[in-house]
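This report concerns only the one structure given below.
Protein chains get the first letters and strands the later ones, always in sequence-line order, with residue 1 at the start of each.
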There are 2 protein chains.
Amino acid sequence: MNATDTRERILGRMFQDIHKNGFQGLRADRVIADLGITKGALYHYFPSKDAIGLAVIAEIIEPSYLAFFRSLEHAKGHPIDLLKDHLQELADKATPDEIYLGCPLNNLVQEMSPLNEDFRQRLKVVMDGMIHCTTRALERGVAQGQVKADADCAAVASFMAAGIEGAYSVAKVLKSLSSFHRNMQQLLNYLELFRA
Amino acid sequence: MNATDTRERILGRMFQDIHKNGFQGLRADRVIADLGITKGALYHYFPSKDAIGLAVIAEIIEPSYLAFFRSLEHAKGHPIDLLKDHLQELADKATPDEIYLGCPLNNLVQEMSPLNEDFRQRLKVVMDGMIHCTTRALERGVAQGQVKADADCAAVASFMAAGIEGAYSVAKVLKSLSSFHRNMQQLLNYLELFRA
DNA sequence: GCTTGCACATACCAACTAGTATGTATATCT
DNA sequence: AGATATACATACTAGTTGGTATGTGCAAGC
């Protein structure tokens, strides 16, 4: 077991615990007991609880969310199809358990934005990334005649992000995977409106 | 100062503290210090912290959210106009501070649904109420030829709820009132699609 | 005027929780 | 081989936090 392994094991479990309990509900003691390690190991890698949360956002949440959206930059194909495929994939791969726990990004946004500006800044980077990449993809679509010329690309991109988070949110209270599917389908219909 | 006054003062402040810090971040000590009362008063009215949270949902959040949606049942006028007026009002009355703190319902949903089934049940009642009242209003609109006959009323109602929560969510991270306005406007446009 | 019960106030505690101080085994470099 | 740094383990603490046990002023009812 080398050093990077331990650090990543810690971060992975922290992410899971935060996903379930929220950052304020995260208990370092619970995680280290779970991993079979000790406080010494934990505080060897992270100076504080806040640092753990920020590392989880930067090293786990951000990469996993922005992977697709950054790929839009050089992707071939109709931007609306690319976006719809991604939403469809999100809908298809979602398990009841994931829906019940909610979107990790959304959870942290709701909980931490007003409490810790460092958290908000890092979360904003992720949300901005999603929206801006989508906006640019739609704008390229306009330039290529694939997307309606009068489409407000920034507004559509922003609404798509809101629709995704809202779908997660509603499905989470209702504890209903089918609610998530229905709302994602409505979002697909909405996107289709902007095809040229 | 009579008894009901004290109870309501406590609930009001608890709501504010929860709105800002979340339920797990709620500190009873902080609230009673703020109100200038003592533990004795607090635990005279509420048996536990959980009971406070549930009372806040049942007595503050639920009535304020469902007031409009229940009124739909007997309201005159085009259902789409009624809904759009409500969304417009939500957009107009939102202050930067409220946007920064987020939607109280959404906040609690994200934080508490997976942690406490009692909370989730009570929050689900609110969300269900919003969606079902909207659904019925749209269905009446279909019956009266005001709403497109092929509209999936339940899906539209659900998506409207998701759109609202999503708009709050995105605006909260971005700390942007104009983002909220833009997304609410997109939601208005979406609703317009179903006018007969 | 005496009891009863409501509406609090005071003092206190047990459990938890992030964080620290210190020790130690092992690998690496010189 | 000795020094140094890394990667942890152990033990402990200071500050919180929800909750309780107990006391008290007071108004209403008898």
Side-chain angles (χ1 to χ4, degrees), chain A residues 1-59 107-108 111-112 114-119 122, chain B residues 1-59 107-108 111-112 114-119 122:
Chain A
M1 179 84 57
N2 69 36
T4 45
D5 275 357
T6 303
R7 208 188 107 97
E8 276 166 27
R9 279 181 66 220
I10 292 174
L11 270 187
R13 279 280 186 168
M14 289 291 178
F15 169 75
Q16 289 174 16
D17 208 77
I18 291 172
H19 191 194
K20 187 174 195 171
N21 302 100
F23 180 73
Q24 295 183 101
L26 166 65
R27 298 289 170 249
D29 286 351
R30 187 169 48 209
V31 172
I32 62 177
D34 234 45
L35 286 173
I37 63 173
T38 62
K39 279 255 166 92
L42 178 61
Y43 282 91
H44 174 69
Y45 291 104
F46 304 96
S48 68
K49 191 185 171 184
D50 279 7
I52 294 169
L54 293 171
V56 164
I57 297 173
E59 298 176 39
N107 291 358
L108 277 176
E111 182 187 2
M112 296 305 295
L115 295 183
N116 187 311
E117 182 64 11
D118 289 337
F119 275 67
R122 285 229 64 91
Chain B
M1 181 84 57
N2 69 35
T4 43
D5 275 357
T6 303
R7 208 188 108 96
E8 276 165 26
R9 280 181 66 221
I10 293 174
L11 271 187
R13 279 280 185 168
M14 289 292 178
F15 169 74
Q16 288 174 17
D17 208 78
I18 291 171
H19 192 194
K20 188 174 197 172
N21 302 100
F23 180 73
Q24 294 183 101
L26 167 64
R27 297 290 169 250
D29 287 352
R30 188 168 50 208
V31 171
I32 62 178
D34 234 44
L35 286 173
I37 62 174
T38 61
K39 281 250 167 97
L42 178 60
Y43 281 91
H44 174 68
Y45 290 104
F46 303 96
S48 69
K49 190 186 174 185
D50 279 9
I52 294 170
L54 294 171
V56 164
I57 298 174
E59 297 175 38
N107 291 358
L108 277 175
E111 180 187 5
M112 296 305 295
L115 295 183
N116 186 313
E117 181 65 12
D118 289 338
F119 275 66
R122 284 229 63 91

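- Residues A/N21 and A/L26 have side chains not in contact (no heavy-atom distance under 4.5 Å, counting atoms from C-beta outward).
- Side-chain proximity of A/A41 to D/dG18, D/dA9, C/dA18: nearest is D/dA9.
- Note on A/T6: a side-chain N or O is less than 4.0 Å away from OP1 or OP2 of D/dC8.
- In this structure, CG of B/D29 is placed 8 Å from C1' of D/dG18, rounded to the nearest angstrom.
- Residue B/R27 contributes atom CZ, which lies 12 Å from atom P of D/dG19 at whole-angstrom precision.
- Listed candidates were D/dT6, D/dG19, C/dA18. Nearest to the side chain of A/H44 is D/dT6.
- When the P atom of C/dA18 is taken as reference, atom CG of A/L26 falls 7 Å away, rounded to whole Å.
- Geometrically, B/K20 does not engage B/F15 in a cation-pi contact defined by less than 6.0 Å to the ring centre and at most 45° from the axis.
- Protein atom NZ of A/K49 is 16 Å distant from nucleotide atom P of C/dC16, rounded to whole Å.
- With C/dA9, D/dT17, C/dC8 as the candidates, the nucleotide lying closest to the side chain of B/Y45 is C/dC8.
- Here C/dA7 presents its C1' atom at 14 Å from CZ of B/F46, a figure rounded to the nearest Å.
- Rounded to whole angstrom, the span from the CG atom of A/D5 across to the P atom of D/dA7 amounts to 12 Å.
- Counting heavy atoms from C-beta outward, B/R30 and B/D34 have side chains that stay 4.5 Å or more apart.
- Counting only heavy atoms from C-beta outward, the side chains of B/I10 and B/M14 approach each other to under 4.5 Å.
- Across the protein-nucleic acid pair, A/Y43 atom OH and C/dA18 atom P stand 6 Å apart, rounded to whole Å.
- Counting distance only, with no hydrogens placed and no angle test, the side-chain atoms of A/K39 and the base atoms of C/dG19 include a donor-acceptor pair under 3.5 Å.
- Of the candidates C/dT20, C/dA9, D/dA9, the closest approach to any side-chain atom of A/T38 belongs to D/dA9.
- The side-chain heavy atoms of B/F46 and B/R7, taken from C-beta on, include a pair separated by under 4.5 Å.
- What separates CZ of B/R30 from C1' of D/dG18 is a distance of 14 Å, to the nearest Å.
- Taking the side chain of B/A28 as heavy atoms from C-beta on, and the options D/dG18, C/dG19, C/dT17, the nearest nucleotide is D/dG18.
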